[in-house]
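Have a look at the structure below before the remarks.
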Amino acid sequence: MTDASTATETKMTKSMEDIVALCKRRGFIFPASEIYGGINGFWDFGPLGIELKNNLRDAWWHDMVRCPPAGPDGEMLSIVGLDSSIIQNPKVWEASGHVGGFNDPMQTCRQCKKLFRADHVEEMVLESEWYQELSQIWPPKKIPSLDGLRHWARKNGKKSAPGLALVRDTNNVLQELEKIIKSTDDPGDVWASSNVLFGADCQIWPQDGVCPNCGGDLTEQRDFNLMFETHAGAVRDDANKVYLRPETAQGIFLNFKNVLDTSRVKVPFGIAQIGKAFRNEVTPRNYIFRSREFEQMEMEFFCHESEAKKLYEFWVQTRLDWWKSLGISSENLQRRDHDADELSHYSTACADIEYRYPFTAPGFGELEGIAHRGNYDLTQHQEHSGAKLAYFDQEKNERYLPHVIEPAAGLSRGVLVLLCEAYTPDPDRPSKVYMKFHPRMAPIKAAIFPLVAKEGMPEVAQKLYQELRTKYAVQLDIKQNIGKRYARMDEAGTPYCFTIDGQTLEDDTVTVRERDTLSQERINISQVATYLAEQIG
RNA sequence: GCGGGCGUAGCUCAAUGGUAGAGCGUCAGCCUUCCAAGCUGAAUGUUGACGGUUCGAGUCCGUUCGCCCGCUCCA
């Protein structure tokens with residue numbers, strides 16, 4: 001209990017700002033196109049960052065595809081890989097619901113700042129208090145009473161429609177209206193000119209609409225569609241509009257039949273994919289947590305409906321354990337089951353694996369989602385494409401669309417979690433901070449140092465370095481004093497340093513300095529590669 | 001998208017409207033037989049960008065880009 005609360009306190013002192021600064025300083029993550037002033041929502045991974053990301057990616061691929069865990073009943077699971085195209089036929093995204101699902105144009109009122117769905121505005125205006133009051137004074141197809149309008153603008157209008165031009169700028173608006181009334185005998189024409197009541201400069205009906213709340217003018221309609229659009233082919237028109245994928249999962253469903261026909265897999269089995277995805281987020285925030293270009297590690301596990309529930313529970317637990325196996329502490333991870341009203345209409349269960357990021361602490365933010373998607377996706381693609389996607393089970397003589405369990409993890413978010421988890425302030429050591437990466441994740445696995453740059457030590461170090469670098473990401477550092485070199489490796493999160501000293505020249509032993517404990521032990525120089533292999537796994 | 005704050009060396013930050021600096025890092029040399037990031041020295045800036053006011057702008061004004069916080073949004 002004491003340990004836990006102490007650890008939590010340490011966690012609270014981790015500042016995102018400091019983590020970002022270290023990541024820049026040591027070459028983990030840079031702002032994208034920085035020399036041009038950057039671009040909101042995009043990030044570049046530096047030399048250490050890409051090593052870290054590759055290590056996470058490789059671990060996922062190894063543990064999910066090459067060597068998946070045993071299933072809920074101890075059976076061997078079969079999972080195969082895939083790398084589908086980022087751009088697909090645009091009908092894919094109609095079938096998946098991404099085109100229709102999130103493209104409501106929105107408008108904001110310039111006066112009261114309220115946000116409205118554009119297709120609701122007209123109806124809301126007609127129902128609004130101020131419009132009803134106004135239509136009593138100026139019924140359709142009638143010539144209005146200017147005095148009536150003036151009276152309303154100065155009394156009730158101030159309360160019900162303070163943003164309306166007639167209220168904000170009563171005299172000018174009424175002057176305009178008077179001119180119109182004098183210029184025509186047709187009440188219909190006058191009515192058609194009722195825009196003067198609303199226009200900001202008493203000239204036009206606000207092109208983009210009137211605020212139902214206060215009568216102010218609205219901003220133009222803004223599309224909140226999250227998908228990036230581009231065009232396939234040199235000619236730019238709507239006919240060849242295509243989308244950058246907002247998730248990797250759909251590519252898996254598209255190839256379900258291909259994989260089935262070519263890979264000798266039988267349900268239950270999984271298809272896994274790692275790759276970039278793009279979302280035009282309204283508000284990219286929190287470093288690389290919500291960026292517009294990011295990477296996902298997704299797996300669709302196809303199974304019979306009767307097994308889906310059991311497999312769902314299995315995958316939630318398996319994925320949670322996996323993150324822990326990479327050194328993420330239990331207290332910073334949690335499973336959060338979605339409430340019923342949070343679920344998509346087709347989904348029967350969904351759980352997030354959440355991490356306590358410094359910017360969400362003491363709360364948690366999403367890292368991975370495990371969804372029970374039923375057979376919604378295959379059903380959709382079967383209907384929209386006309387292709388037959390059913391699976392035929394020879395043994396049971398049964399044809400069906402498999403249900404699917406989808407563990408979908410953010411690779412970029414995973415890197416962020418590794419960075420946040422590893423960041424460890426330590427006022428007692430020279431670097432004041434070190435990155436406590438799990439050895440399997442560490443961008444640099446080990447460093448090789450001659451204790452001093454003389455007496456043949458550099459030569460021995462060079463030889464050891466050349467041996468190790470054929471297998472591991474290691475660095476050789478000869479310059480400057482040993483403390484400085486240890487400190488540098490602490491900030492890069494290197495778990496082991498091998499140092500050649502005077503004794504090495506006599507008995508072929510080197511010291512291993514352990515990053516977290518600062519402890520040292522001697523091992524034979526010929527055992528270094530074996531030692532590393534054991535530690536890294 | 002709205003409101004507020006901010007933008008100076010790789011990082012953290014100084015600099016009354018008057019010659020752009022420090023610490024750390026980096027690099028070089030020295031020292032160093034395990035935490036010594038110690039010593040000496042060097043390189044590094046269109047002060048985010050563009051425009052304006054001024055004899056003179058890092059500083060004041062405008063625009064724009066980016067970052068942070070809060071709203072809004074988050075199939």
Side-chain angles (χ1 to χ4, degrees), chain A residues 15-28 30-43 46 93-94 96-117 218-227 246-247 250 279-287 289-290 292 342-347 359 365-366 426 428-434 449-457 478-491 497-506 510-515 517-522:
Chain A
S15 118
M16 207 55 221
E17 234 170 295
D18 295 341
I19 294 173
V20 171
L22 183 139
C23 286
K24 176 81 191 292
R25 187 167 75 240
R26 296 263 74 126
F28 283 97
F30 307 124
S33 31
E34 191 183 11
I35 61 172
Y36 284 96
I39 176 166
N40 196 2
F42 299 87
W43 301 91
W93 309 109
E94 289 167 22
S96 70
H98 286 84
V99 171
F102 192 52
N103 62 355
D104 303 323
M106 307 290 281
Q107 297 179 277
T108 315
C109 173
R110 294 187 204 277
Q111 269 72 40
C112 72
K113 312 297 182 193
K114 285 212 182 249
L115 194 72
F116 302 95
R117 267 180 65 165
L218 298 178
T219 58
E220 63 186 27
Q221 299 189 3
R222 281 174 293 135
D223 260 337
F224 270 60
N225 198 317
L226 88 168
M227 281 196 292
E247 62 173 33
Q250 295 304 320
R279 294 186 196 180
N280 231 333
E281 296 289 352
V282 179
T283 315
R285 277 280 162 92
N286 292 328
Y287 203 32
F289 179 78
R290 177 171 289 130
R292 291 189 166 132
E342 245 182 300
L343 296 173
S344 322
H345 63 278
Y346 51 81
S347 178
F359 49 82
E366 189 184 351
D426 180 356
D428 293 335
R429 64 175 73 202
S431 59
K432 307 296 181 214
V433 62
Y434 67 109
F449 303 147
L451 184 59
V452 290
K454 55 187 182 188
E455 295 173 18
M457 293 180 203
I478 294 171
K479 300 273 182 168
Q480 298 180 321
N481 70 61
I482 193 75
K484 212 165 199 174
R485 286 175 279 166
Y486 283 147
R488 254 200 292 262
M489 284 303 147
D490 279 349
E491 273 204 340
C497 295
F498 300 106
T499 301
I500 285 82
D501 58 14
Q503 196 178 328
T504 310
L505 308 174
E506 295 165 15
V510 299
T511 62
V512 187
R513 181 260 197 184
E514 213 272 328
R515 176 197 62 204
T517 61
L518 306 180
S519 67
Q520 292 189 10
E521 59 172 315
R522 295 200 79 89

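We name chains A, B, ... by the order of the sequence lines, and we start the count at 1 in each one. It should be emphasised that the depicted structure is a prediction, and the values quoted were computed from it without experimental measurement.
Taking atom P on both nucleotides, G45(B) is separated from G3(B) by 37 Å, rounded to a whole Å. The gap from the C1' atom of C13(B) to that of G4(B) amounts to 23 Å, rounded to the nearest Å. The separation of A28(B) from U19(B), taken at their P atoms, amounts to 35 Å, rounded to a whole angstrom. The separation of C24(B) from C65(B), taken at their P atoms, amounts to 39 Å, rounded to a whole angstrom. A distance of about 8 Å separates the P atoms of G48(B) and U59(B), rounded to the whole Å. Using atom C1' as the reference point in both G25(B) and C68(B), the two lie 24 Å apart (nearest Å). Comparing the P positions of C61(B) and C6(B) gives an interatomic distance of 11 Å, to the nearest angstrom. For the P atom pair drawn from C69(B) and U64(B), the interatomic distance equals 23 Å after rounding to whole Å.
When the P atom of C27(B) is taken as reference, atom CD1 of I478(A) falls 13 Å away, rounded to whole Å. If you take CG of L451(A) and P of A36(B), they are 13 Å apart, rounded to a whole angstrom. Rounded to an integer number of Å, the gap from I482(A) CD1 to A36(B) C1' is 11 Å. The CZ-C1' distance, from R26(A) to C11(B), rounds to 10 Å in whole Å. Put simply, CG on D490(A) is 18 Å from P on C34(B), counting in whole angstrom units. Distance, R292(A) CZ to C74(B) P: 16 Å, rounded to whole Å. Rounded to a whole Å, the CG atom of D426(A) is 15 Å from the P atom of C35(B). We find that CD of E17(A) is positioned 6 Å from P of C13(B), with the value rounded to whole Å.
Residue-level contact check: F498(A) touches neither bases nor backbone, having no heavy atom under 4.0 Å from any strand. Among the atoms of the strands shown, none is found under 4.0 Å from any heavy atom of K432(A). Nucleic acid contact class of G46(A) (heavy atoms, under 4.0 Å, all strands): none. Heavy atoms of A21(A) sit under 4.0 angstrom from primed sugar atoms or phosphate atoms, though from no base atom. M16(A) comes within 4.0 angstrom of no nucleic acid atom, judged by non-hydrogen atoms across all strands. Within 4.0 Å of S431(A), counting heavy atoms only, lies at least one base atom of the nucleic acid. Within 4.0 Å of L518(A), counting heavy atoms only, lies at least one base atom of the nucleic acid.
For N40(A), no side-chain nitrogen or oxygen approaches OP1 or OP2 of C65(B) to under 4.0 Å. Side-chain nitrogen and oxygen atoms of N286(A) include at least one within less than 4.0 Å of the OP1 or OP2 phosphate oxygen of C69(B). One finds no side-chain N or O of K24(A) lying less than 4.0 angstrom from the OP1 or OP2 phosphate oxygen of G10(B).
You'll find that the side chain of M457(A) is closest to U33(B), out of A75(B), U33(B), A28(B). Closest to the side chain of K479(A), out of C11(B), G29(B), U32(B), is G29(B). With G10(B), U26(B), C34(B) as the choices, the nucleotide that has an atom nearest any side-chain atom of R488(A) turns out to be U26(B). Closest approach to the R285(A) side chain among A75(B), G70(B), C35(B) is made by G70(B) (side chain taken as heavy atoms from C-beta onward). Distances from the side chain of R290(A) to the nucleotides C34(B), C74(B), C11(B) place C74(B) closest. The side chain of D501(A) lies closest to C34(B) when the candidates are A75(B), C11(B), C34(B).
For the side chain to side chain contact (heavy atoms under 4.5 Å, CB included) with R513(A), the qualifying choice from L518(A), I482(A), T499(A) is L518(A), the only one to do so.
The cationic group of R515(A) does not satisfy the cation-pi geometry with Y434(A), failing either the under 6.0 Å distance to the six-membered ring centre or the 45° limit from the ring axis.
Atom-to-atom distance recorded for M227(A):CE and N280(A):CG is 10.5 Å, nearest 0.5 angstrom. Here the straight-line distance linking atom OH of Y486(A) with atom SG of C497(A) works out to 6.0 Å at 0.5 Å rounding. Taking CG from D501(A) and CD from Q520(A), the interatomic distance works out to 9.0 Å, rounded to the nearest 0.5 Å.
Nearer the 5' end of RNA chain B, as judged by each residue's closest nucleotide, is the contact made by A453(A), out of A453(A) and F42(A). When the nearest nucleotides of RNA chain B are assigned to R522(A) and L22(A) by heavy-atom distance, the more 5′-ward of the two goes with L22(A).
For G66(B), the paired base is C6(B) (Watson-Crick or G-U wobble, both distances below 3.5 Å). C30(B) is paired with G38(B) under the Watson-Crick or G-U wobble criterion, all donor-acceptor distances under 3.5 Å. Partner assigned to A57(B) is none, using Watson-Crick or G-U wobble distances below 3.5 angstrom.
A donor-acceptor contact shorter than 3.5 Å links the side chain of R485(A) to the backbone of Q480(A).
Between L451(A) and M457(A) the shortest heavy-atom distance is N-SD, 4.0 Å. S519(A) approaches T517(A) most closely through the heavy-atom pair OG-OG1, 2.8 Å.
Contact of R485(A) with C35(B) (side chain to base): no donor-acceptor pair of N or O atoms is detected under 3.5 Å.
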